[in-house]
Amino acid sequence: MSGFTFNPPNTDAAPPADPPAADVVAAGGWWPDVNITGVRQAVDLNTNVTPERVRDAVRQAIVDLASEPAMSAWRRDQVAAGFTKLSVVPSRDIEVDGQSDYCLRWTRAVYSLVAADLGERLLGQGLTKAGADRAEALGAEVGLHQRNVTHAVRDFLGRPRIRARMI
């Protein structure tokens, strides 16, 4: 035997099952709900992070984004224009994989906020000498996630990513 195996392609005609209700955090009806398994996979969370911590971080990320003044004002404008939820607001630039750029940017912002929050929590825990090197790398990752939040929100609102002034 060569050790190679062949699995025939999946011929199931049925679409994948919806995630269990406990795996979804409802975002108030207007903003898209957030799938906790999707968050965990997208940001490659450490398996030591409990489901309760992830759920808490997702809830807080949704609250933080939705209550951010510019996002809140943008939402009010869309509601006044007759849109009942974000997924029905027409894309500004592009629709990808059946989702508007607004929904994709919302999701990216939530995921990045969750990753930054959980990363900061891990940094705040006591470290051994062996963990100090990992803490430095984790700090850099937190910074990248925070940057991704800023970029996602600015892209969502149609604002430039960088503001520069001559001094």
Side-chain angles (χ1 to χ4, degrees), residues 14-124 137-165:
D18 288 336
D23 198 34
V24 173
V25 176
W30 201 87
W31 298 107
D33 296 344
V34 179
N35 180 297
I36 292 175
T37 299
V39 171
R40 196 176 273 284
Q41 291 171 347
V43 299
D44 197 22
L45 289 179
N46 184 318
T47 56
N48 293 333
V49 180
T50 65
E52 294 79 16
R53 276 181 104 176
V54 177
R55 180 174 286 280
D56 177 62
V58 168
R59 287 177 179 156
Q60 193 59 50
I62 291 169
V63 168
D64 288 349
L65 279 174
S67 63
E68 199 277 331
M71 295 289 282
S72 184
W74 185 89
R75 177 185 178 260
R76 280 192 303 274
D77 291 345
Q78 301 312 307
V79 170
F83 298 109
T84 57
K85 55 186 175 178
L86 181 62
S87 62
V88 298
V89 175
S91 298
R92 172 186 295 130
D93 297 321
I94 188 170
E95 191 171 292
V96 178
D97 207 17
Q99 292 188 351
S100 76
D101 51 355
Y102 288 117
C103 289
L104 294 170
R105 288 175 175 142
W106 164 263
T107 301
R108 181 175 179 109
V110 170
Y111 287 9
S112 295
L113 267 175
V114 169
D117 179 37
L118 293 174
E120 286 174 334
R121 288 187 200 183
L122 288 173
L123 280 174
L138 190 56
E141 288 178 27
V142 167
L144 288 173
H145 290 302
Q146 291 168 334
R147 181 209 65 192
N148 288 343
V149 172
T150 301
H151 285 184
V153 170
R154 288 187 165 282
D155 291 346
F156 187 99
L157 297 170
R159 296 183 179 163
R161 287 185 174 188
I162 298 174
R163 290 167 40 185
R165 287 189 260 177

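The model shown is predicted, which means the values in this text are computed figures rather than measured ones.
Of all non-hydrogen atoms in Tyr111 and Gly38, the two that sit nearest each other are OH-C, 3.7 Å. For Ala27 against Asp33, the heavy-atom pair with the smallest separation is N-OD1, 3.0 Å. Between Tyr102 and Leu86, the shortest heavy-atom contact is CB-CD1, 3.7 Å. The shortest non-hydrogen separation linking Arg92 to Asp101 is N-OD1, 3.1 Å. Nearest heavy atom pair, residue Gln99 against residue Leu104, reads OE1-CD2, 2.9 Å. A pairwise comparison of heavy atoms in Ser72 and Ala66 identifies CB-O, 3.6 Å as the closest pair.
The CZ atom of Arg108 sits 12.0 Å away from atom CG of Leu113, with the distance rounded to the nearest 0.5 Å. Rounding to the nearest 0.5 Å places OG of Ser67 at 11.5 Å from CZ of Arg75. Taken to the nearest 0.5 Å, the SG atom of Cys103 stands 12.0 Å off from the CG atom of Asp97.
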Hey, mind stepping through Asn35 and Asp23 against side-chain contact (heavy atoms from CB on, under 4.5 Å) and telling me if it holds? CA-CA 6 Å; Asn35 180 297; Asp23 198 34; 3.4 Å; yes
Would you tabulate the side-chain donor-acceptor contacts of residues 78-85 under 3.5 Å, counting partners in other chains and residues two or more places apart, or write 'none'?
none

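Looking at Ile36, Val43, Thr37, Asp117 one by one, the single match for side chain to side chain contact (heavy atoms under 4.5 Å, CB included) with Val54 turns out to be Ile36.
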